2 protein chains.
Amino acid sequence: MARTRQTETAVLGALSVMPMTGYAVREAIRDVLGHFWSESFGQIYPALSALERQGHVDREGKERTGSSVFVITPSGEGRLRELLAAPIQPAPPRNGLLLRLFFGRQLGPEVCQSLLENAKADAERRLTEFKAIRNQIAADEATTADHLYWLLTVSAGEHGARSVISWAEESIATLLEQTPLPVDAHE
Amino acid sequence: MARTRQTETAVLGALSVMPMTGYAVREAIRDVLGHFWSESFGQIYPALSALERQGHVDREGKERTGSSVFVITPSGEGRLRELLAAPIQPAPPRNGLLLRLFFGRQLGPEVCQSLLENAKADAERRLTEFKAIRNQIAADEATTADHLYWLLTVSAGEHGARSVISWAEESIATLLEQTPLPVDAHE
DNA sequence: GGGCACATGTAAGCTGTTACATGATTAA
DNA sequence: TTAATCATGTAACAGCTTACATGTGCCC
């Protein structure tokens, strides 16, 4: 029960920005919410059907054309506000990198260092992505009333990425202290 | 396939630190790995049985007493290293706070501010928890070869919490600019 | 006319959570 | 002796992913 609501929230949220096809909802969730949210493909169409049955969205142009555009109804907007106001259900944490580092003695310092290097590189990649997103939102600034809130989530991503980078750098240094370089005389 | 391995990894990892009962494995995962990992109760006993069948753990004292202690075998240690060396499977992101903020226009700036205040308070709570954990690890320093790696994960938690705090403070300020105080003449 | 992106859906199967059932041991 | 904690397990269900099935419209 508790979990299907989450899909409902994401789908209604997407439609609250603009009407679109189910296919476009999926793309929006993947490409726009992707940095902090995910829904799997197979959930979206059933969720849309359920929302239609409940009168929270209308399906326009359904006849014979195949593709149809979903539009949020006033009741759907009420439902969305209700869902957004509900208590946040914290997702159980599952950080594979930290799991590996916690048992890092099994892997040895060198492997752990390379895990950290990868994490740092990933975070740097994300940081440049966020920069691009920021520019894009700024470009649309005039046309959307949502940009202020969108920037908040971009900023969260940036802070998170920077914290990963500084943590990784510190941790690599700590591990290096622990593994004195093999004293090779060359040079 | 891919997912059951994760439970296997956590269980073998716990037993690599010291032999313990299934119940204790569960507590260790909840209390020690809890900040970055979770396994549900109902997965742990089946995982232990499977590991026993495969010879990766031995069950000692199984006879009639009810409780038995699980001990990792050499083959289990090999399996653990294999699992830890496998590519990290990134968990699909699901951040309920960011989802709410992204559609924050529906909630209004005041509600969003209080969401951010809560997030900040949570992060501060975590920060003091991490401090306590750090002290505890330092106290055990002599007795465990793992403490260096454990501190890495604590540090990750601290960096993360601090990044949430600074992000939340910035964001609250941004929202305040947006909602000029109601000009009430009183005072 | 062949390939690609758009578009909608379903079904099988796996993962994970929760609640239940049971019993031993220990402390008040 | 009664409650809490330790201990082991199972079964039902909810949620999610993946692969499949199908068709349209457009561009080269």
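Computation of the quantities below employed the complete heavy-atom set of this structure, encompassing side-chain atoms and omitting hydrogens, waters and symmetry-equivalent molecules. Just so it is clear: chains get the letters A, B, ... in the order the sequence lines come, proteins before strands, and each one is counted from 1. All values derive from a computational prediction rather than experimental measurement.
- The only option from A/Leu12, A/Val25, A/Asp58, A/Leu48 that meets the side-chain contact (heavy atoms from CB on, under 4.5 Å) definition with A/Phe70 turns out to be A/Leu48.
- Between A/Tyr23 atom OH and C/dA5 atom P the separation is 8 Å, expressed in whole Å.
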Show each protein N/O and nucleotides 9-13 of chain C N/O combination with a separation under 3.5 Å, one pair to a line.
residue, atom, partner, partner atom, Å
C/dG9, OP1, A/Arg59, NH1, 3.3
C/dG9, OP2, A/Arg59, NH1, 3.2

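- When rounded to the nearest whole Å, the span between CD of A/Glu60 and P of C/dA7 equals 15 Å.
- Below 30°, between 30° and 60°, or above 60°: for A/Phe130 and A/His35 the angle between ring planes is between 30° and 60°, a tilted geometry.
- Taking only side-chain nitrogens and oxygens, B/Thr21 comes nearer than 4.0 Å to OP1 or OP2 of D/dA7.
- C/dA5 atom P lies 11 Å from atom CD of A/Glu27, rounded to whole Å.
- Taking a 6.0 Å sphere around CD of A/Gln136, one finds it holds 12 or fewer heavy atoms contributed by other residues, nucleotides or ligands.
- Under the 4.0 Å criterion applied to side-chain N and carboxylate O atoms, A/Arg79 and A/Glu82 are assigned as salt-bridge partners.
- With rounding to whole Å, A/Arg26 atom CZ is found 15 Å from D/dC16 atom C1'.
- As rounded to whole Å, 16 Å separates atom C1' of C/dT8 from atom CE of A/Met20.
- Across the protein-nucleic acid pair, A/Ile44 atom CD1 and C/dA7 atom P stand 13 Å apart, rounded to whole Å.
- Taking atom CZ of A/Arg30 as the reference point, atom C1' of C/dA5 lies 12 Å away to the nearest angstrom.
- Rounded to whole angstrom, the span from the CD atom of B/Gln43 across to the C1' atom of C/dA19 amounts to 15 Å.
- There is no side-chain donor-acceptor pair under 3.5 Å between A/His56 and A/Glu8.
- Judged purely by atom type and a 3.5 angstrom limit, B/Arg26 has no side-chain atom pairing as donor or acceptor with the backbone of B/Glu39.
- Remark: the backbone N or O of B/Leu152 is not paired with any side-chain donor or acceptor of A/Ser171 at under 3.5 angstrom.
- The side chain of A/Arg94 places an N or O atom within less than 4.0 Å of a non-bridging phosphate oxygen (OP1 or OP2) of C/dG16.
- For the pair B/Ser40 and C/dG16, the criterion of a side-chain N or O lying under 4.0 Å from OP1 or OP2 is not met.
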